[in-house]
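Taking it in order: structure first as structure tokens, then the write-up.
Basis for what follows: all heavy atoms, side chains included, without hydrogens, waters or symmetry-related copies.
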Amino acid sequence: MPELPEVETIARALKPDLVGRTILSATCAGRVRLPSLPLRQFKKRIAGQEIMDIRAAQNTLLST
């Protein structure tokens with residue numbers, strides 16, 4: 001699992017290319033569980049959303 005400095009570096013590198021772009025679709029590799037809604041519903045909901053920000057939180061990349 002990557003450490004926070006590596007995740008922050010990746011977030012800074014991705015931010016200029018991704019912020020302002022629209023998510024067309026989502027695919028998930030492996031078994032993914034989301035606590036708030038089923039994966040199929042998440043994929044439908046995220047399609048068409050604009051990426052407003054990319055940032056690091058602990059060892060995870062977050063997009064809003």
Side-chain angles (χ1 to χ4, degrees):
M1 197 169 266
E3 296 296 324
L4 182 58
E6 288 91 358
V7 175
E8 288 176 343
T9 300
I10 293 167
R12 280 194 299 272
L14 291 174
K15 194 171 188 170
D17 294 327
L18 295 180
V19 170
R21 308 248 347 231
T22 300
I23 298 169
L24 301 177
S25 65
T27 58
C28 298
R31 296 182 60 94
V32 177
R33 291 187 59 207
L34 301 172
S36 58
L37 71 159
L39 184 57
R40 188 174 299 187
Q41 191 175 0
F42 171 78
K43 288 179 179 182
K44 278 182 161 180
R45 191 175 288 184
I46 198 170
Q49 297 295 312
E50 181 182 347
I51 299 171
M52 305 298 286
D53 192 20
I54 301 287
R55 66 186 192 279
Q58 297 176 3
N59 61 350
T60 305
L61 282 175
L62 300 174
S63 65
T64 54

Taking all heavy atoms of [X] and all of [Y], pick out the closest pair and write down the distance.
{"X": "Ile54", "Y": "Val19", "value": "N-CG2, 4.2 Å"}
{"X": "Ile46", "Y": "Ala26", "value": "CG2-CB, 3.8 Å"}
{"X": "Ala56", "Y": "Ala11", "value": "N-CB, 4.1 Å"}

Are Leu37 and Ile23 grouped together when hydrophobic residues (ILVMFWY) are joined by side-chain heavy atoms under 4.5 angstrom apart?
-> yes
How would you list all residue pairs meeting salt bridge (Lys or Arg N to Asp or Glu O under 4.0 Å) that involve residues 9-25, not counting sequence neighbours?
-> Lys15-Asp53
Do any pairs count as a salt bridge (Lys or Arg N to Asp or Glu O under 4.0 Å) and have a residue in residues 39-48, sequence neighbours left out, and if so which ones?
-> none
Rounded to the nearest 0.5 angstrom, the CZ-SG distance for Phe42 and Cys28 is 6.5 Å
OG on Ser63 to CG on Leu14, rounded to 0.5 Å = 10.5 Å
